[in-house]
2 protein chains.
Amino acid sequence: MAQPIRLHQVSPLKASCHQCSLSNLCLPLAIEENELDRLEDIVQQGRIFNRGEHIFDQSTPFRSCFAVKSGAIKTSIISENGEEQVTGFFMPGELVGLDSMGSKHYACTARALERTSVCEFPVDKLEELTGKLPDLQHHMYHLMSQEIQGSHQLAMLLSKNTAEERIAALLLSLSSRFQRRRMSATNFSLPMARNDIANFLGLAVETVSRVFTRFQNQGIISARGREVELLDVEALQTVTREFSRQNS
Amino acid sequence: MAQPIRLHQVSPLKASCHQCSLSNLCLPLAIEENELDRLEDIVQQGRIFNRGEHIFDQSTPFRSCFAVKSGAIKTSIISENGEEQVTGFFMPGELVGLDSMGSKHYACTARALERTSVCEFPVDKLEELTGKLPDLQHHMYHLMSQEIQGSHQLAMLLSKNTAEERIAALLLSLSSRFQRRRMSATNFSLPMARNDIANFLGLAVETVSRVFTRFQNQGIISARGREVELLDVEALQTVTREFSRQNS
DNA sequence: GTACGGTTTTGACATGAATCAATAATGGAT
DNA sequence: ATCCATTATTGATTCATGTCAAAACCGTAC
């Protein structure tokens, strides 16, 4: 049997955070060069998912967090009745699964929006490691608190802002996340469908569509399908603050 | 001078989680009896705030998390323009400040809704301790992920549910939280004003008021001011699922 | 190339909740 | 006990966005 050989073939799956171009966005940014090996020891790298495939499913046993290497992921929760709520979009360098930390089961479903590769962090190992590396623990707390804050911001957006404001905010958020990866901040392709945007922002698809065309007519953006160009970032920023000014 | 004596008078401020009636709801539930001393060592107990007083303020340096001993706290974020979004209500046994963990500054403002006493956990000490007690670390992760999940649920409520559904959900949430403390699940007094409810649920005060009276006319609840009695819990649960049935 | 399922866009209409406005109730402070 | 400020209720009207319906567009498979 070729078992031993197969086992050897697994070894290239070991991650090399050292060489990863995302190391300054991802978990490695939290720790010293000399501790990076210990993170590499627990990471499994290289899993690839096609568009639509599930990375994990709500209510199945929680095993791992995943860092996006390339592509994009959406997470959503399904309520008893089957109603879906998209809870987030995750781009390269971002960590998926934090909402399940310390739980027995995944709190949401994660699905690839396009061909996506991820690094996997088994939680048992991760918790063990954060117990030993205070900086890493601190960073985990930071990431989780960021997610809480983001979620609160979303709640605020949903409860207080108009359709235009919500969409402007999303476009700007995506823009800055592309920029972090040294990609164009004004010219990118949306990883998600209008439907996902609508669901995430608590709007009807039709409304999203209408706002896109309205923005286009105003010369603020140019969009053909998922290809978007932000023509007037200032104007978008103004839209998100529009609300503010009227109430002050 | 009586300085030394005063110093001695500080010592009773040391917490005694051992005797605290909330120990099965609060952080102590995560750890063994024999480790409880270590938690007690870092806790400062006994600070009391009157209605309306700030426990901490957004953007000031993050120093501590707080466990509610008695009373109630509301947290809110203020956006650039001064618009407020209530992000949560915290009852005895619950931990406030998790959304700031790992950050330099508080992410929100916390304010006492009534006369409230809290236990204070300085974060530097807390992080140190969670590094040493894996169970406590695990529990912190759990609490933080719970807060993320709760916030996602809120987002879902805000984006997909009607005013009646949102209010029913809030009443049921409060009910179960009173019940956990072995208080009446059907007869309690709301710690917050209609205004706070409205803000939290993304509604106008008038709408909240109207829904309360509608529920009352339907015999589902009985309310006079902040005193509420849930007359028909089943009906309330039905309201929260009403939405579901129509869409399935 | 063509045909098909799934998106996306556009239009017409309905509606839940916001807003505006006024009154009533409540609870501290004196 | 009384007064004032705050909070809560109720009513009339408006408006943003949802819903329904249909057409246009797109990518993919045959």
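We use all heavy atoms of the structure for the numbers below, so side chains are in, but hydrogens, waters and symmetry mates are not. Numbers restart at 1 for each chain; the letters A, B, ... are given by sequence-line order, proteins then strands.
- When rounded to the nearest whole Å, the span between CG of B:N195 and C1' of C:dG27 equals 17 Å.
- For B:R194 and D:dT9, the shortest distance from a side-chain N or O to OP1 or OP2 is below 4.0 Å.
- In this entry the distance linking CG of B:L203 with P of D:dA8 reads 14 Å, nearest Å.
- In this entry the distance linking CG of A:L201 with P of D:dA16 reads 18 Å, nearest Å.
- In the set C:dC20, D:dG18, C:dT9, D:dG18 carries the atom at the smallest distance from any side-chain atom of A:T207.
- To the nearest angstrom, P of C:dT9 lies 12 Å from CZ of A:R224.
- Rounded to whole Å, the distance from CD on A:E206 to P on C:dC13 is 16 Å.
- A donor and an acceptor atom sit less than 3.5 Å apart, one in the side chain of B:R210 and one in the base of D:dG11.
- Between the side chains of A:S176 and A:R180, no donor-acceptor pair is found at a separation under 3.5 Å.
- In this structure, A:N217 places its CG atom 12 Å from C1' of C:dT10, rounding to the nearest Å.
- For the pair B:Q216 CD and D:dT9 C1', the computed distance is 11 Å after rounding to whole Å.
- With respect to the salt-bridge test (charged N to carboxylate O, under 4.0 angstrom), the residues B:E114 and B:R226 do not qualify.
- Between A:E83 and B:K160 no salt bridge is recorded (no basic side-chain N to carboxylate O distance below 4.0 Å).
- Taking a 6.0 Å sphere around CZ of A:R214, one finds it holds more than 12 heavy atoms contributed by other residues, nucleotides or ligands.
- B:I167 has its CD1 atom 11 Å from the P atom of D:dT9, to the nearest Å.
- Closest-nucleotide positions on DNA chain C for A:M192 and B:R51 were compared, and the one nearer the 5' end corresponds to A:M192.
- Not a single donor-acceptor contact under 3.5 angstrom links the side-chain atoms of B:R226 to the base of C:dG27.
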